[in-house]
Amino acid sequence: VQLQASGGGLVQTGGSLRLSCASSARTFSTYSMGWFRQAPGREREFVAAITGAGRGRRPYYSNAAEGRFRISRDDAKNTVSLSMNSLEPEDTAVYYCAADNRIILSSIRSASAYDYWGQGTLVTVSS
C-alpha cells in the first residue's frame, strides 16, 4: 500500500490548512487511517485517526487536535483528509498519514500499530 500526503505549507497563526492523503489500497474502505506529526527534535505523535467503513468511520483525536482539526475520508476516492483550523506555531511539524487494515482499536493512537506510511508533508505555522 502506498500513501501520498499533500497539502502542507506555510500559514500564519490562526489560519487553516487541509491535508490530503491518497492511498493505493484496493480495499481502502477497510483500512483505518491515521495522521501523525513530528516536530524537530520531538517524537512522532498522534494527531487523528478514522476507522474503516466496517467500524463506522469513527474519528479519534489527540487533545491538541480536538475541536480544531477534523479528519474525514472519501472511500470512493481512496483519500483521507485532515482539516486544520486555528493553527498555532506549536502545530508546526511534518505530518504523516498512516494506514492499517488490522488495527486494534485500543492502539489506534499508537504509531507502531500502523503498517503503512506516507512520506510526510510539512506544515509551518508562523507567529
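Because only heavy atoms are used, hydrogens play no part in the values below, and waters and symmetry mates are left out as well, while side chains stay in.
- Counting only residues at least two apart or on different chains, the disulfide bond (SG atoms under 2.5 Å apart) pairs with a member in residues 19-126 are Cys21-Cys97.
- The disulfide bond (SG atoms under 2.5 Å apart) pairs that include a residue from residues 47-79 number zero, where partners must be two or more places apart or lie in different chains.
- Panel note: side chain Ser110, backbone Ser107; no donor-acceptor pair is recorded below 3.5 Å.
- In the hydrophobic clustering, Ile108 connects to Phe36, Phe46, Tyr60, Val94, Tyr96, Ile103, Leu105, Tyr114, Trp117, Leu122, either directly or through intervening members, whenever side-chain heavy atoms lie under 4.5 Å apart.
- For the pair Ser32 (side chain) and Thr51 (backbone), a donor-acceptor distance under 3.5 Å is absent.
- Counting Ile, Leu, Val, Met, Phe, Trp and Tyr side chains that sit under 4.5 Å apart, directly or through other members, Ile104 stands alone, with no cluster partners.
- With hydrogens and angles ignored, the 3.5 Å screen pairs a side-chain donor or acceptor of Thr92 with a backbone N or O of Val125.
- If you take CG on Leu82 and CD1 on Ile71, they are separated by 6.0 Å, rounding to the nearest 0.5 Å.
- Counting only residues at least two apart or in different chains, side chain to side chain donor-acceptor pair (under 3.5 Å) contacts with residues 118-127 are absent.
- Applying the disulfide bond (SG atoms under 2.5 Å apart) test to pairs two or more places apart or on separate chains, none has a residue in residues 28-57.
- In this structure a side-chain-to-backbone donor-acceptor pair under 3.5 Å is present from Asp100 to Asp115.
- The side-chain heavy atoms of Phe69 and Asp91, taken from C-beta on, include a pair separated by under 4.5 Å.
- Between the side chains of Ser83 and Arg18, at least one donor N or O sits under 3.5 Å from an acceptor N or O.
- For the atom pair CD (Glu90) and CZ (Arg42), the distance works out to 9.0 Å, reported to the nearest 0.5 Å.
- Residues Ser16 and Asn85 have side chains that bring a donor and an acceptor to within less than 3.5 angstrom of each other.
- A side-chain donor-acceptor contact under 3.5 Å links Arg68 to the backbone of Ser86.
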